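Structure, as structure tokens:
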Number of protein chains: 2
Amino acid sequence: MSIQTPATIEDVARLAEVSIATVSRAIHNPEKVAKSTRQRVNQAIAITGYTTNAMARSLRMGRSNMILVLAPDIGDPNFSSILIGLENEARAHGYGVLIGHTQNDPERGLEYLKFLNSNQAAGLLLFTGHAPFGHQEMTQRLPPSVAVFEPVFGSTIPYVGVDDTAGARKAAEYLLSAGHRRIAFIGDSKTRLGHLRRRRGYDLALDAARIPPEQRMVIDGEGTIESGRLAVEQLFMRDTLPTAFMCVNDATAVGVMNGLSARGYDLPKDFSVIGFDDVPQATYLNPALTTIRQPRSAIGRQAMALLLQSLSQPLAESREVLIMPDLVVRGSVTSPAKR
Amino acid sequence: MSIQTPATIEDVARLAEVSIATVSRAIHNPEKVAKSTRQRVNQAIAITGYTTNAMARSLRMGRSNMILVLAPDIGDPNFSSILIGLENEARAHGYGVLIGHTQNDPERGLEYLKFLNSNQAAGLLLFTGHAPFGHQEMTQRLPPSVAVFEPVFGSTIPYVGVDDTAGARKAAEYLLSAGHRRIAFIGDSKTRLGHLRRRRGYDLALDAARIPPEQRMVIDGEGTIESGRLAVEQLFMRDTLPTAFMCVNDATAVGVMNGLSARGYDLPKDFSVIGFDDVPQATYLNPALTTIRQPRSAIGRQAMALLLQSLSQPLAESREVLIMPDLVVRGSVTSPAKR
DNA sequence: GATCGGTATGTAAACCTTTACATCGCATAT
DNA sequence: ATATGCGATGTAAAGGTTTACATACCGATC
């Protein structure tokens with residue numbers, strides 16, 4: 001019941017009647033110690049319940065086997081399955097994963113940076129844009145880092161994520177192929193790189209279909225449910241309406257569908273909606289949301305692989321790994337209503 | 001551009017022309033060092049960009065200022081706001097928070113336990129039931145721990161969470177007051193303590209209203225969306241139907257509403273549904289879900305407070321802190337349809 | 001002027017590892 | 001019989017802190 005202090009390597013050594021060096025070797029280089037000795041050591045370990053003090057180990061070795069994942073919002077529905085990808089890959093290479101939640105607060109970011117500076121983690125994974133600290137000075141002594149899911153704005157940190165442009169283009173093309181010509185883009189942004197690229201995919205597709213710019217409607221938004229709802233209101237103050245809503249992400253799409261339902265429209269009969277991300281809820285909307293699927297676990301896996309690789313040899317140039325997403329057809333897109 | 005090794009306390013000492021002891025004191029016990037010296041040290045710190053190596057510090061002191069939060073599923077929509085409560089409270093006391101994701105895998109739990117054994121974290125917060133490791137041996141040398149959101153089954157670990165029984169009772173009473181008499185309970189469980197208690201709240205309320213046991217319908221379920229959907233199917237194989245569904249949590253309610261819509265029913269006209277938790281999506285369902293709101297940030301705050309307190313003086317007995325939840329009325333409950 | 005008390009600082013040990021280097025035995029080659 | 005080499009083990013330093021204890025200094029007290 002009482003908390004005894006954990007056994008140290010010395011306790012094991014004493015019990016096995018060897019030196020601490022031998023214990024250490026028996027654990028990490030078993031082939032370097034005689035079989036009989038090894039057995040005695042292992043027995044002693046079992047008896048004492050010894051588990052090596054990772055902190056002392058990292059202090060001595062100048063590197064740990066933990067990777068820190070920094071996320072501004074762990075509630076992001078994309079995060080959890082990306083994380084699983086990250087973890088599986090890390091695990092396969094003998095690394096553990098810890099998560100830090102910055103809440104977009106630079107102070108908290110700094111706190112975790114100290115954690116890194118103390119070698120308590122060997123590498124850093126940045127989830128969703130924005131470096132978590134004033135990057136000028138700190139970037140200097142940053143450990144190996146990789147951005148995942150969204151590139152870090154204005155930095156050269158290597159990035160692994162979806163091919164936003166191509167994905168958005170697929171979405172727009174699907175809308176076009178269903179017969180839509182007046183397609184609104186909801187969730188335009190000046191600062192979020194991933195969203196900028198999705199906007200570009202939209203433009204590319206509409207250019208190719210020779211939809212003139214004046215038939216395009218583009219509404220700003222920060223990619224939240226609320227922003228989608230708002231966009232509907234703004235759009236209804238205009239004289240012409242779109243027949244389809246292409247949303248920068250699923251959250252926006254939820255807001256749009258909500259706003260439309262609230263106005264008494266019947267989806268997908270009256271309007272088509274398409275999203276981007278394929279968040280878990282997408283299936284449970286009514287109608288179920290047609291969207292672009294983020295290959296989340298692949299992204300996680302590859303991001304971690306890149307990071308782990310850069311631990312041994314620093315990456316040459318800044319790199320971007322883009323993964324192609326697929327269209328997921330559900331019920332929210334139909335041919336445009338005649339009106 | 002190149003990664004220089006971080007400055008150590010020695011670098012600072014040399015620059016300020018004092019001993020390392022004085023530097024350490026200047027940082028942690030400023031009143032113990034002369035003003036002029038302190039200034040020199042601070043200057044040196046600024047120049048070198050020194051930040052104390054938390055690992056060496058913890059190694060020496062035998063305790064860190066990080067708290068580890070272990071979650072089997074960080075995708076749980078309840079997790080994120082509880083976490084914020086935890087973090088804010090921790091921060092106010094000079095502690096940082098790290099998250100470990102166990103995915104219900106005991107191996108991973110063990111890995112994080114090693115982390116704790118190395119004093120890399122001073123305390124442990126267990127989110128949502130189930131100790132993350134075979135607890136017999138390990139429980140012995142567990143650091144101060146608190147369970148949050150759901151008690152750990154069959155353990156004496158202190159617990160902070162919602163008053164499930166009282167909350168469920170509120171829900172059932174609301175349904176009764178709306179005129180319902182045939183109320184089904186969806187999501188019964190034998191192993192999840194929190195769910196057991198919600199079931200109890202249901203029984204208590206129906207007892208008080210003198211609803212005979214044969215009019216109660218109780219369907220098993222593990223609290224997932226899918227389980228809710230399934231429950232609807234099971235229920236429709238019976239001869240009598242309920243007029244209202246009381247769901248063990250919101251996820252189940254989503255499944256139930258989905259199943260009902262799929263069968264062509266019109267909610268809330270044909271059936272009433274009530275949930276428990278008030279997850280963020282609850283507002284966006286159609287109809288918006290009437291439910292019991294988890295006081296999430298309060299739970300987080302109090303759990304961390306309890307843990308931090310138990311760091312200085314071990315808790316006497318096993319404790320449970322139960323917080324009373326409120327009913328949130330939205331659109332999914334009406335009077336029963338006449339049929 | 002010697003003693004005392006108090007404040008400011010320094011010295012060195014301790015926390016728990018890993019690992020370069022040294023040592024020891026023993027078998028093989030000469 | 002001596003030299004050589006090799007495998008198994010031990011010794012001790014190093015990694016960056018904190019802190020008990022020792023020292024040095026200075027002003028005040030007798």
Side-chain angles (χ1 to χ4, degrees), chain A residues 4-42 44-45 48-66 94 114-120 122 141, chain B residues 4-42 44-45 48-66 114-122 141:
Chain A
Q4 63 270 69
T5 63
T8 76
I9 200 173
E10 207 147 350
D11 300 328
V12 176
R14 202 169 15 245
L15 193 59
E17 296 179 303
V18 295
S19 77
I20 59 170
T22 301
V23 175
S24 178
R25 275 189 289 255
I27 296 173
H28 302 290
N29 302 76
E31 77 281 0
K32 290 207 164 185
V33 24
K35 201 171 183 183
S36 62
T37 320
R38 204 187 318 154
Q39 287 178 337
R40 244 177 322 135
V41 170
N42 285 334
I45 290 181
T48 56
Y50 172 73
T51 138
T52 120
N53 182 320
M55 197 159 39
R57 174 167 221 253
S58 310
L59 176 59
R60 171 61 226 246
M61 308 233 296
R63 113 193 313 250
S64 92
N65 60 155
M66 285 280 168
K114 279 191 203 162
F115 185 83
L116 286 160
N117 261 343
S118 311
N119 285 323
Q120 292 189 84
R141 51 184 57 175
Chain B
Q4 65 268 71
T5 62
T8 75
I9 201 174
E10 208 146 350
D11 299 328
V12 177
R14 203 170 14 247
L15 192 59
E17 297 179 302
V18 295
S19 77
I20 58 170
T22 303
V23 175
S24 178
R25 276 189 289 254
I27 295 173
H28 302 290
N29 302 77
E31 77 282 1
K32 289 205 167 186
V33 23
K35 202 173 183 181
S36 63
T37 321
R38 205 187 316 154
Q39 287 178 338
R40 245 178 323 134
V41 170
N42 285 334
I45 289 180
T48 55
Y50 171 73
T51 138
T52 119
N53 182 318
M55 197 159 38
R57 174 168 222 253
S58 311
L59 177 58
R60 171 61 226 242
M61 310 233 295
R63 109 190 320 246
S64 92
N65 61 155
M66 285 280 168
K114 279 190 203 162
F115 185 82
L116 286 160
N117 261 343
S118 311
N119 285 323
Q120 292 189 84
R141 52 184 56 175

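Predicted model only: the values in this text are computed from it and were never measured.
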OG1/B/T8 to CG/B/N53 distance, rounded to the nearest 0.5 angstrom? 9.5 Å

Under 3.5 Å, which donor-acceptor pairs link side chains of residues 22-37 of chain A to any protein atom two or more places apart or in another chain?
residue: A/T22; atom: OG1; partner: A/S19; partner atom: OG; Å: 3.4
residue: A/H28; atom: ND1; partner: A/R57; partner atom: NH2; Å: 3.2

In whole Å, what is the span from the NZ atom of A/K35 to the P atom of D/dG7? 17 Å

Has the side chain of B/R40 got a donor or acceptor atom that lies under 3.5 Å from a matching backbone atom of B/A16? yes

When rounded to the nearest 0.5 angstrom, what distance separates OG in A/S64 from CZ in B/F115? 8.5 Å

Between atom CZ in A/R40 and atom C1' in D/dA8, what is the gap in whole Å? 12 Å

Find the distance A/M55:CE to D/dT17:C1' and express it as a whole number of Å. 11 Å

Which part of the nucleic acid, if any, lies within contact of B/T37, taking any heavy atom under 4.0 Å across all strands shown: a base, the sugar-phosphate backbone alone, or nothing? sugar-phosphate

Between B/K32 and B/A56, the residue closer to the 5' end of DNA chain C by nearest nucleotide is B/K32

What is the distance, rounded to the nearest whole Å, between atom CZ of A/R60 and atom C1' of D/dA12? 11 Å

Could you give the start and end, 5' to 3', of the contact zone on DNA chain C for chain B, using atoms under 4.0 Å from its heavy atoms? C/dA8 to C/dC16

Would you compute the distance between atom OH of B/Y50 and atom CD of B/E10 and round it to the nearest 0.5 angstrom? 10.5 Å

Quick one: A/K114 NZ to D/dG16 P, roughly how many Å, whole number? 18 Å

Listed partners of B/N119 passing side chain to side chain contact (heavy atoms under 4.5 Å, CB included), at least two apart: A/M55

Partners passing side chain to side chain contact (heavy atoms under 4.5 Å, CB included) against B/N42 (at least two apart in sequence or in another chain): B/R38, B/I45

How close do B/N117 and A/P6 get, heavy atom to heavy atom, and via which atoms? O-CG, 4.0 Å

All N/O contacts under 3.5 Å from nucleotides 21-24 of chain D to the protein, with atom names and distances to one decimal?
none

Tell me: CD of A/Q39 to P of D/dT9, nearest whole Å? 12 Å

Between D/dA14 (P) and B/N53 (CG): distance, integer Å: 18 Å

Near-strand residues of residues 9-24 of chain B, defined as heavy-atom separation under 4.0 angstrom from DNA chain D: B/I9, B/I20, B/A21, B/S24

Nearest 0.5 Å, please: how far is CG in A/L59 from OG in B/S58? 10.5 Å

Which residue pairs satisfy the salt bridge (charged side-chain N to carboxylate O under 4.0 Å, His left out) criterion with at least one member in residues 11-21 of chain A, sequence neighbours excluded? A/D11-A/R14

Determine to 10° how strongly the helix from C/dG1-D/dC30 to C/dT30-D/dA1 is bent, judged from the axes of its five-pair ends. 70°

Rounded to the Å, how far apart are A/N117 CG and D/dG16 P? 12 Å

